[in-house]
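Shown next, in C-alpha cells, is the structure this report addresses.
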Amino acid sequence: MTVSSLEPPKHPSTDDAGGLAGPFFLSCPYCHWSTLDIGVEFEKHTGITQQLARIKNGGQVVPSLKEREKAREKRREARDGLAPAREDISVETSDAADPTSHEEVFYNLSSFYKSQLSLGASSQPFSPHHDINFSSPSSFSRIMNLYSSASSKKQKRDKPPPMREASSVAEGLTIHSSSSDHAAIQALKLHGWDHTLTYSQKNNQLDQSIRFASELRPSPTLLCTKRGKRCRACRHILSKPEPKITSTRYKIKLLASNHIPRLSIRALSASLPLPTVPSSAAQGFDYSHLQPATTIHFLLTVSNPLFEPVRITLATPSTIMGKVKSKVTILCPQFDVGANTDVWDEALSSAPARRGGPSDSSSGVANSTQVEAGKIWERGRNWTSIILEVVPGIFEQHRGPTFGGGQRSQDDDDLAEDEDVLEIPIFVRIEYESDVAVEDRAPGTEHTRLGGKEKREEAFWSVLGVGRIKSLP
Amino acid sequence: MATSTDRKVSVSRPRPTPSRIQDLAATPESPRTPLLRSTSSIYGSPGGSFRSEEEYIVLELGSRYLRGGFPGESAPRCTLNFGPDQQRRVGDYRQWNPEYASKRRKRKRGEEWGREYELYRMDLRDEDLGLIEDKFERAMREAHNKYFLLDPKPRRVLLALPPLMPRELLSTFLSVLFTNFQAPSVTLLSSPILSAVAAGLRSALVIDMGWAETTITGVYEFREVHQRRSIRAGKYLSEEMAKMLNEELAKRGIATPGDDITFEEAEEVLSRVGWCDTLDEKTSNGEDEFVDAPEELPDPSISIPFPLAIPPTTLTLPFSALSSPAETAIFASATPLHDFDDHDLPLHILAYRALLSLPIDVRKVCMSRIIITGGVSNLPGLKTRLLKEVDKLVQQKRWDNVKSYGSANEKHERLIRERQQRLQARTSDSTKVADTTDPDIESTPVLAGLAEPETDPIADKLAHLNMKMIPTATNIGGVIRGVESLGAWAGASLIAQMRVKGIVEIERDKFLQHGLQGASREKEISVVPQRQSMGPGMRPGAGDRGSWTLGVWA
C-alpha cells in the first residue's frame with residue numbers, strides 16, 4: 001500500500017486470541033488506524049467489502065436496497081390513508097428528522113425518476129427509449145392493437161403530462177437546512193485542526209464530501225489489470241499480455257524504442273581523450289555542476305535498432321528557451337548510422353572491432369582528440385557518436401548586489417524549480433530504405449514497386465537531459 | 001437503434017393512428033411494467049440485442065477535476081485532479097524523496113494563483129491546447145486503467161460540461177474521447193441542468209461555485225434561461241486565504257520574508273478549517289433554535305501547523321479569523337456596492353440580480369429552488385449564509401429594479417405605503433375590497449399595478465386539476481428556499497441510467513469527418529414536437545439523424 005497511510009490494507013485480524021470467532025476489524029499495521037476508530041466491526045473475516053457496505057460509521061446497519069423499497073412502500077401506504085392536509089405536515093416533519101445520506105438520496109431520486117418516466121413513457125410506447133418488451137402489458141396491448149384496429153376514433157391526443165418535481169424526501173428532495181452547516185461549524189470549533197482530514201486523505205476516499213476524521217471509511221484497494229494497447233491511429237495491436245494471470249510476458253509487444261534510434265549523451269571529458277569505456281569517461285565529470293559560460297563538449301551517441309542503415313538529421317534551437325539561456329551547437333548534424341544485426345552476430349563477430357576505436361573507423365571520422373565541425377567523432381556497427389558543443393547560460397544574478405543583501409537572497413530564489421537543469425530539445429529526422437511490407441504499407445505509397453525498397457522517413461522531437469548548471473558565486 | 005425492431009413490428013400493416021394506441025396505453029388503468037429493467041438480456045424479444053451496446057461512462061469535467069464513473073451509481077468512481085504531481089516525467093521520482101516533501105515549492109514567476117493545478121482556463125489566449133489535450137488524455141487513461149477496469153469495448157460517453165465552453169477546448173476534449181478512447185458517441189449535458197436534475201427539480205436557480213468563477217444560472221423547465229457570473233469563487237477564496245495566513249504569520253513575526261504560503265497549504269487550511277459566518281450570533285431571529293445549544297464555544301483558537309515553513313511553525317488563530325477569507329472573497333461585506341465591477345459582484349448581490357432579471361413567473365419558481373453547488377459550497381456555513389443574504393436583500397429591496405429613486409423617493413414610498421394599506425385592507429375584509437366599485441376606494445384612483453388581480457375561473461379550475469395530480473409541495477414559490485443537490489455528476493449518472501437522450505449527441509464518425517463545424521447551426525432542436533408527430537415505428541427521418549447540434553455550446 002503506497003497510496004496513502006490512511007488506506008488500511010485488507011488485513012483482518014481477530015479480536016480474540018487465536019480463534020476465528022468473534023467480531024473482526026480492519027487495521028493498518030503502518031499507521032495503527034483501525035476500523036474500531038470509526039466504530040465498525042465485522043462478523044466474518046471474509047467478504048469485508050459487502051459487510052462494510054452495510055455498516056455505517058458507528059455500527060449502524062444500512063438498510064439494503066430491497067428493505068428500503070419495502071419501507072418506502074409502507075410509508076406510501078400509510079400516507080395514502082392519511083388526509084391530504086396532514087400528509088404535508090408529515091412530509092415536513094420527516095424533512096427535519098435526520099439528514100439522509102448521499103447514497104440514499106440518490107436512490108430515492110432514481111426511483112422517483114423511474115416512476116415518473118414510466119408514467120410518461122406508457123403514454124408513448126413508441127418512444128425510442130421504451131424497451132420493446134413482449135412481457136410488458138402496454139407493449140402487448142400495442143402489438144395486439146396493430147392487428148385488430150382499423151377503426152380509429154378521432155380522439156384528441158393528450159399531451160403527456162410533464163414530469164413533476166420531487167416533492168418529498170422519499171422522492172429525493174432535500175431542502176437545505178442550516179442545521180448541518182451549524183453542526184459542521186460546531187464540530188470544527190470543538191475539535192480543531194487535528195480532527196479534520198488532510199487533502200490526500202480526502203482525495204482517497206470514495207465519498208469526497210466528508211471532512212472529519214470520524215467519517216473516514218476504509219476503501220478497497222484498486223485492482224491491477226493487464227491491458228492490451230492499440231495504435232491510436234490505425235488500431236493495430238501494439239501490445240497484448242498473455243492471458244494467464246500469473247505470467248508477466250507479452251504475446252505481442254511492439255515497442256517504439258525498437259523502431260526509433262536511441263540517443264544518449266555524455267560528457268566528452270578532456271582528461272580522457274579516448275572514451276572507449278563510457279562509464280569511466282563520465283567519472284571525472286560532475287553533471288550536477290555544469291560550469292556556466294564555458295564551452296563543454298558532449299558526446300551524443302545515436303544507436304540504431306533497425307536492421308537497415310539510417311541517415312540521421314539532427315536539429316536544435318541554437319539558444320535554449322527558458323530562463324537560463326544556454327547555447328547549443330551540433331557540430332555534425334547529418335550522418336549515417338549502420339544497420340543493426342542480430343545479437344548473436346554481434347557476439348560471434350570479432351569482439352575488438354565491435355567497439356570501433358578511432359583507429360579502425362572509416363573516413364570522415366575525426367581521428368584525433370581534436371573536435372572538428374562536420375566530422376563525426378566515432379562510429380560503431382550500429383551507432384555513431386557526434387560532438388555537441390554546449391555553452392551553459394548564466395543565471396541572471398548580477399542584479400543582486402545592486403539591491404543589497406536582502407534582495408540578493410530573493411534573487412537566488414528567483415530561479416524556479418528545475419530551471420537550472422540543462423535540457424536540450426533535439427529534433428531527430430531519420431531516413432531509411434526498407435522492404436515494402438504488405439501489411440504496413442501506407443495507402444499513399446501504393447505506387448512503389450512491390451518487393452522493392454521503399455524510402456521511409458520518420459521524425460520526432462526529443463529532449464536530452466544533460467545536467468544541472470552551477471550558479472555563479 | 002430502435003429502428004430495426006420497430007420496423008419489424010410494423011412493416012407490413014397499415015399503421016393505426018398513433019392517437020388510438022397512445023390513448024390505450026395512456027389510460028391510467030392499463031397495467032404497466034416498470035420501465036427500465038436493470039438487465040436487458042432477460043427478454044427474448046428482438047429488442048434485446050440493441051441495448052447491450054448502449055453502455056455509458058459518465059464524466060464531469062471541471063477546470064480542476066475530472067470525475068468519472070458509471071451510470072446509476074451515486075458517486076463517481078474517481079475524482080482526478082490536474083495538479084503538478086500528475087505531470088511528472090517518466091522516471092521523475094523526486095516526489096518520493098523525503099527531502100523534497102519537506103520543502104516548499106516556489107510558485108513560478110508571474111504565474112497566476114493555482115495555475116498549475118488547472119486543466120484549462122476560459123481565456124485561451126495563452127493556453128497550450130496540446131498540453132491540455134495531453135493532460136486530459138492522461139487523466140482519462142488513468143481513469144480507464146485504474147478505476148473503471150473496463151473491457152476494451154467502446155462506451156458511449158456522457159460528458160457534463162459547463163454551458164459556456166470555448167469551441168476550441170470543446171473540440172480538443174471531444175477529439176481525445178473519440179480518437180483515443182473510441183467512444184461511439186459523446187452526449188454533452190450542461191452542468192446547471194444536471195444539478196437541478198440531481199436535486200429532483202425542473203426549475204432552479206443554480207449557484208455553481210466553481211474554481212475560476214461562480215455561475216448563477218436560472219434553469220426553468222430544464223432549460224437555461226439566464227446566466228450571470230462572478231470571479232468570486234474557489235480561486236479567489238484560496239488566494240484570499242493565503243493572503244490572510246501570510247499576514248497573520250508576518251504579524252506574529254514567525255515568517256521569513258519571501259517564504260510565502262504555498263497553494264497546497266492554503267487549500268488545505270481552507271478545506272480543513274475554513275468556514276463561513278452564518279450571522280446567527282448577531283441576528284438571532286429565533287428560527288434557528290438548534291444553534292444556541294449549550295456547547296456554543298465563545299471563540300476557540302485553532303492551531304494550524306506549517307511543517308514546510310522555514311523554520312517549521314504553528315500558527316494559532318482565533319476561530320473567527322478563519323471565516324474572514326470567505327467574508328471578503330464571497331460576500332465582500334466591507335466594500336461598498338459601487339466599488340464592484342460587473343465581473344466581481346458579491347454572490348448574494350449577483351444572485352439577487354439574477355433573480356431580478358428573470359421573468360416574474362420564472363422568478364417565483366426559481367427563488368424557492370436555489371441550489372448551491374460546486375466545490376466551494378462545501379465550506380461550512382456558506383450555503384446558509386448565502387441564502388440568508390439573498391433573503392435579506394429581497395426583504396429590503398423587494399423586486400425593484402430601481403436602486404435609488406432620488407427626488408422621486410417620496411412618491412415611491414407613498415405608493416408602497418398605499419399598496420401595503422391595500423393589502424392589509426384586503427386581508428382584513430376580503431369581500432369588501434373585492435368590490436372595486438366601492439365609493440371609498442374610487443376616491444383614490446387605483447393604479448393597475450395595485451389593483452387586485454381578477455380571478456380567472458378557468459385558471460383556477462386548471463390549477464385545481466393540476467393539484468390533483470401534483471403534490472402541493474411542488475407548487476411552492478415566492479419564498480427564498482435552498483434545495484440540496486447531489487451535484488452535476490450524480491445528475492448525469494441519473495440521466496444516463498434513465499437512458500434519456502440528450503439533445504447534443506455527437507457521433508464519432510460525424511465528428512471525425514467535420515469536427516465541430518459539422519454541427520447544424522440551429523441553436524436548439526426541440527425533442528418534443530418530433531416525439532408527438534411520430535407514428536409507430538417511425539423514427540425521425542434519416543436526414544434528421546444526420547444533423548446534430550451543439551445546443552447551448554454552439
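Every chain is numbered from 1 and lettered A, B, ... according to where its sequence line falls, protein lines coming before strand lines.
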Proximity breakdown for [X] and chain A, heavy-atom pairs closer than 4.5 Å:
X        : result
B:Leu80  : neither
B:Leu382 : backbone
B:Ala490 : both
B:Ser323 : neither
B:Ser271 : both
B:Cys78  : neither
B:Glu267 : neither

Notebook entry, point to check: Between A:Arg227 and B:His144, what is the shortest heavy-atom contact and its length?
Noted result: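 Residues A:Arg227 and B:His144, closest heavy atoms: NH2-O, 3.5 Å.
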Margin query: Tell me the closest heavy-atom pair linking A:Ser110 and B:Gln497, and the distance in Å.
Written below: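 Heavy atoms only, the tightest pair is OG-OE1, 3.3 Å.
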Notebook entry, point to check: What pairs with B:Glu137 under side chain to side chain donor-acceptor pair (under 3.5 Å), at least two apart in sequence or on another chain?
Noted result: A:Arg232, B:Arg141, B:Asn180
Most chain A-contacting option - heavy-atom pairs closer than 4.5 Å, from [options]:
options                                : answer
B:Ile304, B:Asn378, B:Ile371, B:Ile370 : B:Ile304
B:Thr179, B:Leu322, B:Leu379, B:Val273 : B:Val273
B:Glu484, B:Glu268, B:Lys383, B:Glu73  : B:Glu484
B:Arg385, B:Arg77, B:Lys146            : B:Lys146
B:Ala196, B:Ala75, B:Ser203            : B:Ser203

Check: Out of curiosity, A:Leu109 CG to B:Ser493 OG, how far, rounded to the nearest 0.5 Å?
Finding: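 The distance works out to 10.5 Å.
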Next item on the list: Calculate, to the nearest 0.5 Å, the distance between atoms CG and NZ belonging to B:Asn145 and A:Lys226 respectively.
Entry: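 B:Asn145 atom CG to A:Lys226 atom NZ measures 14.5 Å (nearest 0.5 Å).
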Notebook entry, point to check: Do any N or O atoms from the side chain of A:Tyr113 and from the backbone of B:Val197 form a donor-acceptor pair under 3.5 angstrom?
Noted result: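 Yes: the side chain of A:Tyr113 pairs with the backbone of B:Val197.
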